[in-house]
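Shown next, in structure tokens, is the structure this report addresses.
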Protein chains: 2
Amino acid sequence: MDRLFQALADATRRDIVARVLVAEYSVSGLAEQYDMSFAAVQKHVAVLERASLVSKEKRGREQIVRGELDGVQEARRLLDEYERIWRQRVSRIEDILAEDEDRT
Amino acid sequence: MDRLFQALADATRRDIVARVLVAEYSVSGLAEQYDMSFAAVQKHVAVLERASLVSKEKRGREQIVRGELDGVQEARRLLDEYERIWRQRVSRIEDILAEDEDRT
DNA sequence: CGTTTCTACAACCATGTGGTTGTACGTTAG
DNA sequence: CTAACGTACAACCACATGGTTGTAGAAACG
């Protein structure tokens, strides 16, 4: 989880994810898109890969980067859980208020 | 967004979020739950507050921490968007395959 | 009143992070 | 074969982060 959210906590990496979800890119193809060194982009891709947000596949001398839903869905599960907990609390509070209503 | 995901990228902070979504805690009440200094927990709460995952309200000499859904939902929106993009690509690929089918 | 409790904040330290450059190696093109 | 391309990785730097301790102020307690 740490790696997952850490990976998403950078604008460049979120942009990479958005791009590779739409189409395939080589690492150098991605590097062209940003105003930073190839090595920097390479590191970003590595971070995304460790977080299961992206996968790489060797094709000739290029390394093709694809978007993976695994990471996205895992992160979503946690947020859904938070929302569920919150709604439970709210409804519990409403129940208590309803009991008070009964007593009036 | 950076602040949001950055805030979620720490196990202690995620635990704090989970706790305050269920019930209210004072900052010192939260600090008791963890094996670290009060100041450390205070910093975590501050990070969560800047990310709209938590809100504080003064009550007497205590500061009450509550869970906020704002941040959670904002993060979810991005992940939903990623999932939407991904499904669009998949269905586009399926359309292309279907066209190929037509030609056979 | 004085003392305790809860909070805020600054200073400090070790480590991690995002960026750089440089080097090395496999693969394709001429 | 040689040159160019795409990649991997190490070393380095500036700065952020997660933790500590210490100090100080505001609110509650006796």
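Every chain is numbered from 1, with letters handed out A, B, ... down the list of sequences.
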Enumerate the side-chain hydrogen bond (donor to acceptor under 3.5 Å, both in side chains) contacts for residues 34-43 of chain A, please, sequence neighbours excluded, ordered by first and then second residue. A/Asp15-A/Tyr34, A/Arg19-A/Tyr34
Quick one: B/Gln42 CD to D/dG18 C1', roughly how many Å, whole number? 14 Å
Where along residues 18-31 of chain A does a heavy atom come under 4.0 Å from DNA chain D, residue by residue in number order? A/Ser26, A/Val27, A/Ser28
Out of curiosity, B/Ile16 CD1 to B/Gln33 CD, how far, rounded to the nearest 0.5 Å? 10.0 Å
Are A/Leu53 and A/Met1 in one and the same hydrophobic cluster, where Ile, Leu, Val, Met, Phe, Trp and Tyr link if side-chain heavy atoms are under 4.5 Å apart? yes
Does D/dG6 have OP1 or OP2 sitting under 4.0 Å from an N or O in the side chain of A/Lys56? no
B/Tyr82 OH to A/Gln73 CD distance, which is reported to the nearest 0.5 Å: 14.5 Å
Per-nucleotide protein contact string for nucleotides 24-30 of chain D, where B marks a base within reach and S marks sugar-phosphate only (heavy atoms under 4.0 Å, - for neither): ---BB--
Not counting sequence neighbours, which residues clear side-chain hydrogen bond (donor to acceptor under 3.5 Å, both in side chains) with B/Arg89? List them please. none
CG on B/Asp80 to CZ on A/Arg76, rounded to 0.5 Å: 4.5 Å
Protein-proximity profile, nucleotides 12-23 of chain C, B/S/- by nucleotide at the 4.0 Å heavy-atom cutoff, equals ------SBBB--
Donor-acceptor pair, distance only, cut-off 3.5 Å: does the side chain of B/Glu49 make one with the backbone of B/Ser55? no
Could you give the distance from NZ (B/Lys56) to OG (B/Ser26), rounded to the nearest 0.5 Å? 11.5 Å
Can you check the A/Gln63 CD to C/dG26 P distance for me, whole Å? 15 Å
Using a 3.5 Å cut-off and no angle test, enumerate the donor-acceptor pairs between side-chain atoms of residues 2-9 of chain B and protein atoms at least two apart in sequence or in another chain.
from   : atom 1 : to      : atom 2 : distance (Å)
B/Asp2 : OD1    : A/Arg14 : NH1    : 3.0
B/Asp2 : OD1    : A/Arg14 : NH2    : 2.7

Please determine if B/Glu81 and B/Arg84 form a salt bridge, counting it only when a charged side-chain N lies under 4.0 Å from a carboxylate O. yes
Atom-pair distance (CD on B/Glu49; P on C/dC9), nearest Å: 10 Å
Taken to the nearest 0.5 Å, the spacing of A/Ile96 CD1 from A/Ser91 OG works out to 9.5 Å
Rounded to whole angstrom units, what separation is found between the CD atom of B/Glu62 and the P atom of C/dT5? 12 Å
